[in-house]
**Student:** 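Pasting in a structure now, in structure tokens, and then I'll have a few things to ask.
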Amino acid sequence: MKGFTRECTKFSLCGLNCALCSMRVGGYCPGCGGGEGNQSCRMARCSLEHGGLQFCRDCAEYPCGLYAGFDESDSFVPHSSRERDLARARELGLEAYTAELDAKLDALEELLRGYNDGRHKTLFHMAAYLLPPEDLNAVLAELHGRAELDSAAAKERAAAASELLEQAAARRGLSLKLRKKPQKG
């Protein structure tokens, strides 16, 4: 979108963690961090109309009508933690929050590199998005401690990682599945 730029492309206007999005890690961003020509983000258009705010939460009208139903389902990333993540970024400060995202991204990249069998990419992204870095690092440490995984097939490595991530999520009362948009009618 002409005239729209972001200082922090790891964390979106609306509070989504772009750094952990499967699209961005794949090299493409369809959201507000997408750069010139990104016409799809209605939040980016609204930001320009309101003086180029870096985060929607800084607007006097937040939350506005653009957020009606926004958190009821997920896109490429979960929306369920968006409000919590906005609050955490405000509490820690953007620099510390993006450092936390970087730690999660490191864990995600290790999961994708060493434990993905081609069928667990979404689960790994969800885990990196929703779990704190200490949980992700504990899972990776346990995986590294399992010598039998060194020579295991990709499917077995992925199953072990998936099981440990699901257990970590369950301990926090989280689901590692994207929520689909409700059917109309």
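We're numbering straight along the sequence, starting at 1. Predicted model only: the values in this text are computed from it and were never measured.
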**Student:** Show your reasoning for whether salt bridge (charged side-chain N to carboxylate O under 4.0 Å, His left out) applies to K104 and E100.
**Tutor:** CA-CA 6 Å; K104 289 178 161 207; E100 190 173 278; 5.2 Å; no
**Student:** So does D102 pair up with K10, basic N to acidic O under 4.0 Å?
**Tutor:** yes
**Student:** Please test D58 against R90 for salt bridge (charged side-chain N to carboxylate O under 4.0 Å, His left out), starting from the C-alpha separation and ending with a verdict.
**Tutor:** CA-CA 10 Å; D58 298 331; R90 178 171 271 169; 3.3 Å; yes
**Student:** So does R146 have more than 12 non-hydrogen atoms from other groups sitting under 6.0 Å from CZ?
**Tutor:**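 More than 12 within 6.0 Å, yes.
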**Student:** With side chains defined as the heavy atoms from C-beta onward, is the minimum distance between L123 and E166 less than 4.5 Å?
**Tutor:**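 With C-beta onward as the side chain, the pair touches.
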**Student:** Of L136, L111, L20, L176, which meets side chain to side chain contact (heavy atoms under 4.5 Å, CB included) against F124?
**Tutor:**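 Among L136, L111, L20, L176, the one that satisfies the side chain to side chain contact (heavy atoms under 4.5 Å, CB included) with F124 is L111.
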**Student:** Should D85 and F11 count as side-chain neighbours, where that means a heavy-atom distance under 4.5 Å?
**Tutor:**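 Heavy-atom side-chain distance check passes, below 4.5 Å.
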**Student:** Can you find a pair of side-chain heavy atoms, one from M126 and one from L131, that are under 4.5 Å apart?
**Tutor:**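 They are not in contact (no side-chain heavy atoms under 4.5 Å apart), so the answer is no.
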**Student:** Could you give the distance from CZ (R57) to CG (L86), rounded to the nearest 0.5 Å?
**Tutor:**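 Output value for this atom pair is 5.5 Å.
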**Student:** Nearest heavy-atom pair of Q54 and C8: which atoms, and what distance?
**Tutor:** OE1-N, 4.2 Å
**Student:** How far does CG of D135 sit from CG of L174, to the nearest 0.5 angstrom?
**Tutor:**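 With rounding to 0.5 Å, CG (D135) is 9.0 Å from CG (L174).
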**Student:** Using only atom types and a distance under 3.5 Å, with no angle test, would you say the side chain of R82 pairs donor to acceptor with the backbone of D71?
**Tutor:**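 Flag not set: sc R82 to bb D71 has no pair under 3.5 Å.
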**Student:** Starting at CG of L165, measure out to CG of L143 and round the result to the nearest 0.5 Å.
**Tutor:**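 L165 CG to L143 CG: 7.5 Å, rounded to 0.5 Å.
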**Student:** Between H79 and F70, does the ring centroid distance fall short of 6.0 Å?
**Tutor:**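 Under 6.0 Å, so yes.
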**Student:** How close do S175 and L130 get, heavy atom to heavy atom, and via which atoms?
**Tutor:** O-CD1, 3.5 Å
**Student:** Decide yes or no for F55 and L94: does some side-chain heavy atom of the first lie under 4.5 Å from some side-chain heavy atom of the second?
**Tutor:**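 Contact flag for F55/L94 side chains = yes.
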**Student:** For residues G118 and N116, report the shortest heavy-atom separation together with the two atoms involved.
**Tutor:**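 Heavy-atom minimum between the residues: N-OD1, 3.0 Å.
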**Student:** Ignoring hydrogens and angles, state whether a donor on the side chain of Y97 or N17 is under 3.5 Å from an acceptor on the partner side chain.
**Tutor:**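 The answer is yes; a qualifying pair exists.
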**Student:** Within a radius of less than 6.0 Å around CD of E91, do more than 12 heavy atoms belonging to other residues, nucleotides or ligands occur?
**Tutor:** yes
**Student:** Does E61 form a side-chain contact (heavy atoms from CB on, under 4.5 Å) with H50? I'd like the steps, not just the answer.
**Tutor:** CA-CA 10 Å; E61 298 172 28; H50 286 84; 3.3 Å; yes
**Student:** Would a hydrophobic clustering, with Ile, Leu, Val, Met, Phe, Trp and Tyr connected at side-chain separations under 4.5 Å, put L112 with V139?
**Tutor:**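 Result: yes, single cluster for both.
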**Student:** Please determine if E49 and R45 form a salt bridge, counting it only when a charged side-chain N lies under 4.0 Å from a carboxylate O.
**Tutor:**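 R45 and E49: not salt-bridged.
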**Student:** To the nearest 0.5 Å, what is the distance between CD (Q167) and CD (E163)?
**Tutor:**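 Reported value, rounded in 0.5 Å steps: 5.0 Å.
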**Student:** Indicate the ring-plane relationship of Y62 and Y67, choosing parallel, tilted or perpendicular according to the 30° and 60° boundaries.
**Tutor:**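 Correct class here is perpendicular.
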**Student:** With a 4.5 Å limit on heavy-atom distance, are the side chains of C46 and L66 in contact?
**Tutor:**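 The answer is yes; the side chains approach within 4.5 Å.
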**Student:** Any Lys/Arg nitrogen of R157 or D117 sitting under 4.0 Å from an Asp/Glu carboxylate oxygen of the other?
**Tutor:** no
**Student:** Rounded to the nearest 0.5 Å, what's the gap from CG on L53 to SG on C59? Could you check?
**Tutor:** 5.5 Å
**Student:** If I compare all heavy atoms of S22 with all of H125, which pair ends up nearest, and what's the gap?
**Tutor:**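 In terms of heavy atoms, the two residues are closest at CA-CE1, 3.3 Å.
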**Student:** Write down the atom of R179, the atom of S80, and the distance for their closest heavy-atom approach.
**Tutor:**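 Where R179 meets S80 most closely, the heavy atoms are NH2-N, 3.4 Å.
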**Student:** Taking the side chain as C-beta and beyond, is there a heavy-atom pair between L16 and Y129 under 4.5 Å?
**Tutor:** yes
**Student:** What's the shortest heavy-atom distance between L178 and P78, and which atoms?
**Tutor:** CD2-N, 4.0 Å
**Student:** Mind checking whether M43 and S12 have side chains closer than 4.5 Å, heavy atoms only?
**Tutor:** no
**Student:** Do T9 and C18 come within less than 4.5 Å of each other through their side chains, counting heavy atoms only?
**Tutor:** no
